[in-house]
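Here is the structure we will look at.
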Amino acid sequence: MSNFLPNSLIQRLGVNPTFDKDAFIAAHEDGNQITSIRLNPFKPTELDFYLSEQVQWCDRGYYLANRPQFTLDPLFHAGAYYVQEASSMFIAHIIQTLGLDEEALFAADVCAAPGGKSTLLNSYLHPNSLLLSNEIIKSRSIILQENLTRWGASNVVVSNNDPSAFRRLPGFFDLLLVDAPCSGSGMFRKDEDAIDEWSEANVKLCSERQQRILSEVLTALKTNGYLIYSTCSYSEEENEDILDWLMDEFEMETVDVELKEEWGIVKSNSPKHQATGFRFYPHRVKGEGFFVAVLRMKQLQPSFSLKKLKVEKSPLPKDALKGWVKDYAGFATLVHHDTIHIFAKEHELAIKAFQQVLYLKNAGTAVGKWLGKELVPNHDLALSIHLDEAINSIDLTLDLAQDYLRKEAMPQELFEGVKKGWCIVKYKNLPIGWIKVLGNRVNNYYPKEVRIANL
């Protein structure tokens, strides 16, 4: 593959005397494909494949010796894990090192699809935090919503907005994560098509786009709030130069993060640049190319006040969610197009603020449609960590669970001892969806838009 790596990129990287050109090229020539996953702490279970080695900077990240067919794994659809590139899991180490997991905060993942970094934030931030997970492209926001639904927590809001919309939330967030669209050179080993799309002109275009995104969203960061900025690019124009621009344009300070030498991560803190960043090279780490840095906002920011907002009284009866949601009395509810959404009561005003200034795809967990006297449960509730554990359920074998995920008819005799009505289908004790047991048949309610093909 080395004959196809852009010469201009290699030459620019080679300016740094510590850069090992030969090792870098060799890492791309060996064709080594690395597969890693990150476990969902909310959904512990026994996996059907072997975890070979832990990712050094992420206590829930693991490498796999072989890549399974994830599409056919019911535990993937149940949200037991997320398939994520190992280098980007370093954000977990950042969160823990800076103590951002020690108290509740408001966080936003600005360019969030497909959802790897949002599910990571949701796992590592304090459980009482609220995460806004945003994606500008509508089709990608649908994938983002699906992945966050699998993850199962209710303290997430999914939105589909241009970064300029964040100007309407001045000084709102304690943490902004901007995994910026980039030229993709860090993905060359994983995706050879990225090589054909790379050019110096595209690097320049991406750098300009990154500046636009950041200039729009930084208004929404609180004074002393943190910005985590990342790309999958090697180009200084998209990384260190962007940090310099941020420190020149805004009153921001660089934040260092402790590393272990054996991790192989390169700290970029040369006199040429103002800020400290962290570079991941595939010849030095077991992962793909990645860049990440942390800056802290020091200038006095405007402040968004929640005090002027009022929440509407829920139209639901007091015990409407009894038997469906565990500890149901502790949740606030929102009814939108007859669908009930639940989230923590302390997030009620924040979500009201999001409703007023953003286009929301989802807020909290969609529990189901309220028909006046009864609830028709939503698929989101089936995958929610807030599902009442006393709900009627059945645990299926692998073959039957795969048939269910294909939305095939379930054998009626399998459910002869199951109480009539709504029933949760499980695999290895993790819910994957709903069925309804009737007198003469069993209806499969797995959503057709996410069913798996007949592989």
Side-chain angles (χ1 to χ4, degrees), residues 37-47 60-61 70 73-84 92 101 104 107 109 112-133 141-159 321 323-328 330-334 339-344 347 351 360-368 375 377-391 393 395 401 404-405 422-434 445-447 449-450:
I37 67 167
R38 182 172 38 77
L39 301 179
N40 187 341
F42 312 127
K43 297 185 176 184
T45 190
E46 179 187 352
L47 302 179
R60 296 173 188 142
F70 294 116
D73 183 9
L75 295 178
F76 168 78
H77 297 277
Y81 59 88
Y82 191 95
V83 184
Q84 185 175 26
D101 56 344
D109 186 357
K117 294 178 181 65
S118 282
T119 56
L120 183 149
L121 289 174
N122 190 239
S123 298
Y124 281 91
L125 293 176
H126 191 280
N128 293 335
S129 295
L130 178 63
L131 173 65
L132 176 68
S133 188
S141 71
I142 295 171
I143 299 169
L144 172 64
Q145 184 177 346
E146 290 173 358
N147 283 324
L148 285 167
T149 293
R150 292 189 184 109
W151 213 243
S154 65
N155 59 337
V156 181
V157 175
V158 180
S159 63
L321 302 182
W324 296 99
V325 177
K326 60 184 176 184
D327 301 323
Y328 65 94
F331 289 95
T333 58
L334 165 70
T339 297
I340 305 169
H341 297 256
I342 60 168
F343 39 81
H347 297 151
I351 290 177
L360 304 186
K361 295 285 292 182
N362 191 51
T365 296
V367 173
L375 182 81
N378 193 291
H379 178 64
D380 293 20
L381 178 61
L383 300 183
S384 172
I385 60 176
H386 310 294
L387 178 71
D388 194 314
E389 294 166 357
I391 286 178
S393 66
D395 211 287
Y404 172 78
L405 293 168
W422 292 103
C423 177
I424 282 288
V425 173
K426 294 182 176 180
Y427 177 68
K428 291 196 170 182
N429 205 39
L430 284 189
I432 55 177
W434 294 102
Y445 276 82
Y446 196 71
E449 61 270 17
V450 293

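Because the structure is a prediction, the values reported are computed rather than measured.
Between F76 and Y81, the ring planes are tilted. Angles from 30° to 60° get that label. The aromatic rings of Y446 and H379 lie perpendicular to each other, with more than 60° between the two planes, well past the 30° mark.
The closest donor-acceptor contact from the side chain of R38 to the backbone of G116 lies under 3.5 Å. Using a distance-only test at 3.5 Å, with no hydrogens or angles considered, a donor-acceptor pair links the side chain of D109 to the main chain of S118.
A side chain to side chain contact (heavy atoms under 4.5 Å, CB included) with L381 is found for exactly one of I424, I342, L387, namely L387.
Taken from OG in S133 to CD in Q145, the straight-line distance is 10.0 Å, to the nearest 0.5 Å. Annotation: the span from K43 atom NZ to K428 atom NZ amounts to 16.0 Å, rounded to 0.5 Å.
Nearest heavy atoms, I385 versus W151: CG2-O, 4.3 Å. Heavy atoms only, all atoms of each residue included: G323 and I391 are closest at O-CG1, 3.2 Å.
Counted by atom type alone, N122 and N155 present one or more donor-acceptor pairs between their side chains at under 3.5 Å.
Looking at heavy atoms from C-beta onward, E46 lies out of side-chain contact with L75 at the 4.5 angstrom threshold.
A cation-pi arrangement is found for R60 relative to Y124, the charged atom lying closer than 6.0 Å to the ring centre and inside a 45° cone about the ring normal.
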